[in-house]
Chemist: 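Structure provided below as structure tokens; questions to follow.
Values reported hereafter were calculated over all heavy atoms of this structure, with side chains retained and with hydrogens, waters and symmetry mates removed.
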Amino acid sequence: MRGGKPPYRPQSVRFSDQLSLAAVRSAVSVSRHFLRLALSKWQAVLIEDDVLLITSELVTNAVTATGVLTGHPTWGELEGIGFVHVRLVGLRDSFVIEVEDVSDGLPVPAQADEEAENGRGLLLVQQFADRWGSYRTEGGKAVWAELAVRSPQPTPTPLPRRQKALRSGAGPMAGPDAGLLRRVLTGLEAGL
């Protein structure tokens, strides 16, 4: 699903965090660390794997569309580089990941060949997000994905433990059998 505006109203935002990064390859890993910390702060680690996967795909697409892809960019390449803005928005029952870049080309999911090494990013976003879309901004575009917050699965109740049968005449707090301990000690001293 694609729309022309963010999937939320500003008054519905409970909390948000944002980070602006140079559009270089390292932006992907830095954005993952940033979101891992934000989710931990908001106590939302249950959706961490999906958020990080979606973010990786969206930031990779933004850097590919607007940034420098070489491992060691030159000063000349960095001079006119754009920025990628990563935003995580907490709503009542969901989280929205927004990635904004300076490209005005809206994303289109591609049908990747089985042998292709890339081209599946938006297909993964479609698979893991409840909704996703894009909209034009003043300086480019933003792509967003929304994930519903689901209650954790209840932990199964452990089965009751079986109580050991007590010997007759021995109470639950009975001490060691002194006669048995003497026989064991005698046997050890005799070398048996």
Side-chain angles (χ1 to χ4, degrees), residues 1-8 15-42 44-91 94-149:
M1 176 174 163
R2 294 187 12 210
K5 296 180 182 178
Y8 55 87
F15 40 79
S16 70
D17 274 323
Q18 179 173 317
L19 181 66
S20 296
L21 301 162
V24 295
R25 286 179 24 191
S26 62
V28 176
S29 63
V30 172
S31 65
R32 289 173 57 90
H33 289 297
F34 163 71
L35 291 180
R36 189 175 285 123
L37 290 171
L39 290 169
S40 174
K41 175 176 75 174
W42 296 343
V45 294
L46 291 174
I47 61 168
E48 181 177 301
D49 292 340
D50 292 347
V51 167
L52 296 180
L53 174 76
I54 289 170
T55 301
S56 294
E57 298 304 331
L58 295 181
V59 173
T60 297
N61 289 350
V63 170
T64 301
T66 65
V68 177
L69 301 176
T70 60
H72 302 288
T74 65
W75 285 109
E77 290 174 314
L78 292 175
E79 190 173 287
I81 198 163
F83 285 89
V84 173
H85 307 283
V86 180
R87 186 172 24 261
L88 184 63
V89 179
L91 305 173
S94 64
F95 283 89
V96 176
I97 306 147
E98 284 184 294
V99 177
E100 188 176 336
D101 62 50
V102 295
S103 169
D104 60 357
L106 295 177
V108 178
Q111 293 300 326
D113 182 7
E114 287 183 24
E115 303 296 320
E117 291 185 20
N118 52 22
R120 293 182 182 85
L122 287 178
L123 297 174
L124 287 171
V125 171
Q126 283 179 326
Q127 184 72 29
F128 286 91
D130 293 303
R131 300 185 312 147
W132 77 279
S134 61
Y135 60 94
R136 294 192 192 286
T137 62
E138 215 174 280
K141 71 167 176 306
V143 182
W144 57 267
E146 184 175 16
L147 288 158
V149 177

Chemist: Compare all side-chain heavy atoms of L122 with those of L58 and state whether any distance is below 4.5 angstrom.
Modeler: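 They are in side-chain contact.
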
Chemist: Does atom CD of Q127 have more than 12 heavy-atom neighbours from other groups under 6.0 Å away?
Modeler: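 At most 12 heavy atoms, drawn from other residues, nucleotides or ligands, come within 6.0 Å of this atom.
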
Chemist: Let me check something: any side-chain donor-acceptor pairs from residues 98-110 under 3.5 Å, sequence neighbours excluded? List them with distances.
Modeler:
unit_1 : atom_1 : unit_2 : atom_2 : d
E98    : OE1    : Y8     : OH     : 2.7
E98    : OE1    : R87    : NE     : 2.8
E98    : OE2    : Y135   : OH     : 2.5
E100   : OE1    : R87    : NH2    : 3.4
D101   : OD1    : S103   : N      : 2.9
D101   : OD1    : K141   : NZ     : 3.0
D101   : OD2    : K141   : NZ     : 3.0
S103   : OG     : G105   : N      : 3.2

Chemist: What closest approach, in Å, do W144 and S134 show between heavy atoms, and which atom pair accounts for it?
Modeler: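 So the two residues come closest at NE1-N, 3.7 Å.
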
Chemist: Taking all heavy atoms of A23 and all of I81, pick out the closest pair and write down the distance.
Modeler: O-CD1, 3.3 Å

Chemist: Hey, could you give me the CG/NZ distance between D17 and K41, rounded to the nearest 0.5 Å?
Modeler: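 With rounding to 0.5 Å, CG (D17) is 3.5 Å from NZ (K41).
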
Chemist: Are side-chain heavy atoms of W42 and L88 found at a separation under 4.5 Å?
Modeler: yes

Chemist: With rounding to the nearest 0.5 Å, note down the distance linking CG in L147 to CG in D50.
Modeler: 6.0 Å

Chemist: With a 4.5 Å limit on heavy-atom distance, are the side chains of V30 and V59 in contact?
Modeler: no

Chemist: Grab the two heavy atoms, one from S40 and one from V45, that are nearest each other, plus how far apart they are.
Modeler: CA-CG1, 4.0 Å

Chemist: Among L39, L35, L53, find the one that has a side-chain contact (heavy atoms from CB on, under 4.5 Å) with E48.
Modeler: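 Result for side-chain contact (heavy atoms from CB on, under 4.5 Å) with E48: L39.
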
Chemist: Which value, rounded to the nearest 0.5 Å, describes the distance between R36 atom CZ and D49 atom CG?
Modeler: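 Answer rounded to 0.5 Å: 8.5 Å.
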
Chemist: Where do A148 and I47 come nearest, in terms of heavy atoms and distance?
Modeler: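 Heavy atoms only, the tightest pair is O-CG2, 4.3 Å.
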
Chemist: Taking all atoms of both residues into account, what is the closest heavy-atom pair of A27 and L21, and its distance?
Modeler: O-CD1, 3.5 Å

Chemist: When rounded to the nearest 0.5 angstrom, what is the spacing between OG in S16 and CG in L91?
Modeler: 9.5 Å

Chemist: For residues 60-68, tabulate all N or O donor-acceptor pairs below 3.5 Å that involve a side-chain atom, not counting sequence neighbours.
Modeler:
unit_1 : atom_1 : unit_2 : atom_2 : d
T60    : OG1    : S56    : O      : 2.6
T64    : OG1    : T60    : O      : 2.8
T66    : OG1    : A62    : O      : 2.7

Chemist: If you measure from CG on L37 to CG on L19, what distance do you get to the nearest 0.5 Å?
Modeler: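 Separation between the atoms: 10.5 Å.
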
